[in-house]
Amino acid sequence: LVDVLLTQPDKFDELYVIYRGKKPTDKLLDVAEMYISIYQSESASGTFDKDRAIISSQQQVGYDGRLKPETMIKRFDEECYNYCNFVINNPNKIIIDEENYNKHNRLALNAKASPYLQHIFSPSSNLIVLFQVEIYVATTRFSGKALIDCIVIDLFNRTITPYDFKTFEGSFESNYWKFKYYYQEAWY
């Protein structure tokens, strides 16, 4: 999300959608996700029945079997229905809540305001900045493609500098080894 906000903000609406309601929590979220799955598999064939899908979802995820069906349907309608409807009506998009959007947007804005990245987000006239650049590599042993976050071309110094922003929680060193960033580093 931070990478998109930094390097392709115009693609945000194509990839993400913000859910501004209250998302179900814990086991009710499991019920909601199962309901969505049932809806997606049955709605095209016309066999979808909302109440049956709610009860089936409850049973499949093992949510409080002591509840009477009418109580479960009422709870679902109060706590899950709006979220499920939102997900169903936003297929192929990554759904984020408003709190996460605000957090990641602040991170992106802080990165853009950083004095260390000023040359990227407010470049001088001798710099060309390209975002999300596809790089193709072929050797005698393998070929591949990479998508680098940013390339800065300095016309005055005649240099090309690749940047791949790393947004993570925890230790960068730990992530470096865990996600094998050293391959990426060597490739670039």
Side-chain angles (χ1 to χ4, degrees), residues 1-112 131-132 134 144-149 164-172 174-181 183-184:
L1 177 55
V2 173
D3 278 359
V4 168
L5 291 168
L6 279 175
T7 66
Q8 297 178 302
D10 53 317
K11 292 216 175 218
F12 176 82
D13 291 332
E14 180 184 322
L15 302 170
Y16 294 90
V17 63
I18 302 169
Y19 180 64
R20 300 187 191 282
K22 185 178 176 197
K23 188 177 178 180
T25 58
D26 302 324
K27 206 68 171 167
L28 264 181
L29 182 58
D30 295 340
V31 171
E33 289 171 351
M34 182 60 65
Y35 172 89
I36 292 164
S37 177
I38 291 170
Y39 177 86
Q40 291 169 336
S41 66
E42 295 180 0
S43 64
S45 64
T47 60
F48 179 76
D49 176 85
K50 178 181 169 264
D51 291 349
R52 184 185 52 73
I54 293 169
I55 301 307
S56 178
S57 298
Q58 173 196 19
Q59 292 168 347
Q60 288 186 52
V61 302
Y63 180 77
D64 198 350
R66 300 169 296 164
L67 294 177
K68 294 180 182 175
E70 57 272 9
T71 305
M72 181 62 211
I73 291 167
K74 184 175 187 273
R75 183 171 291 170
F76 181 90
D77 285 344
E78 291 171 354
E79 299 185 40
C80 300
Y81 184 74
N82 288 338
Y83 173 75
C84 290
N85 220 23
F86 187 83
V87 172
I88 288 165
N89 289 315
N90 288 286
N92 305 319
K93 291 201 177 186
I94 299 167
I95 296 172
I96 54 173
D97 60 46
E98 194 165 19
E99 182 181 339
N100 264 325
Y101 170 74
N102 290 335
K103 174 185 170 185
H104 289 83
N105 197 41
R106 276 192 307 275
L107 289 169
L109 291 172
N110 286 341
K112 287 181 178 181
F131 292 107
Q132 298 299 313
E134 291 181 357
K145 178 181 109 173
L147 185 65
I148 190 163
D149 288 334
D164 201 83
F165 303 114
K166 296 298 178 210
T167 52
F168 59 89
E169 292 183 307
S171 160
F172 176 77
S174 172
N175 283 309
Y176 181 84
W177 297 110
K178 179 180 177 182
F179 297 112
K180 301 180 180 177
Y181 291 153
Y183 286 138
Q184 189 178 36

Taking all non-hydrogen atoms of both residues, which atom of Lys112 and which atom of Leu5 are closest, and how far apart? NZ-O, 3.5 Å

For residues 99-108, the salt bridge (charged side-chain N to carboxylate O under 4.0 Å, His left out) pairs (sequence neighbours left out) are Lys103-Glu169

If you count every heavy atom of other residues, nucleotides or ligands that lies below 6.0 Å from Lys93 atom NZ, does the total exceed 12? yes

If I compare all heavy atoms of Leu6 with all of Ala108, which pair ends up nearest, and what's the gap? CD2-O, 3.5 Å

Mind checking whether Ile96 and Leu1 have side chains closer than 4.5 Å, heavy atoms only? yes

Of the non-hydrogen atoms in Thr71 and Leu67, which two are nearest, and what is the gap between them? CG2-CD2, 3.9 Å

Any sub-3.5 Å donor-acceptor pair from Glu79's side-chain atoms to Pro24's backbone N or O? no

How many angstroms lie between CG in Leu15 and CG in Asn92, if you round to the nearest 0.5 Å? 11.0 Å

Interatomic spacing from CD1 in Ile73 to CD in Gln58 - rounded to 0.5 Å: 9.0 Å

Relative to the ring of Phe86, is the ring of Tyr19 parallel (under 30°), tilted (30 to 60°) or perpendicular (over 60°)? tilted

Once rounded to the nearest 0.5 Å, what's the spacing between atom CG of Leu107 and atom CG of Asp3? 11.0 Å

For Arg52 and Asp49, work out which heavy atoms get closest and say how close. N-OD2, 2.8 Å

Is the shortest heavy-atom distance from the side chain of Leu28 to the side chain of Arg75 under 4.5 Å? yes

Value rounded to 0.5 Å, distance of NZ in Lys50 from CD1 in Ile55: 10.0 Å

Check the pair Leu29, Tyr83 against side-chain contact (heavy atoms from CB on, under 4.5 Å), reporting the backbone distance first and the verdict last. CA-CA 9 Å; Leu29 182 58; Tyr83 173 75; 3.9 Å; yes

Heavy-atom closest pair, residues Val87 and Ile95: CG2-CD1, 3.3 Å

Heavy-atom check, side chain of Phe165 versus side chain of Val2, under 4.5 Å: no

Is the shortest side-chain heavy-atom distance between Met72 and Val31 below 4.5 Å? yes

Where at least one partner belongs to residues 23-39, residue pairs that pass side chain to side chain donor-acceptor pair (under 3.5 Å), sequence neighbours excluded: none

Aromatic ring pairing Tyr101/Phe12, orientation class (parallel under 30°, perpendicular over 60°, tilted between): tilted

So, do Tyr81 and Ile54 sit near enough that their side-chain heavy atoms are less than 4.5 Å apart? no

Side chain proximity check, Phe76 to Ser57, heavy atoms < 4.5 angstrom: no

Output the distance between atom NZ (Lys74) and atom NZ (Lys68), rounded to the nearest 0.5 Å. 13.0 Å

Looking at CG of Asp97 and CZ of Arg20, how far apart are the two atoms once the value is rounded to the nearest 0.5 Å? 10.5 Å

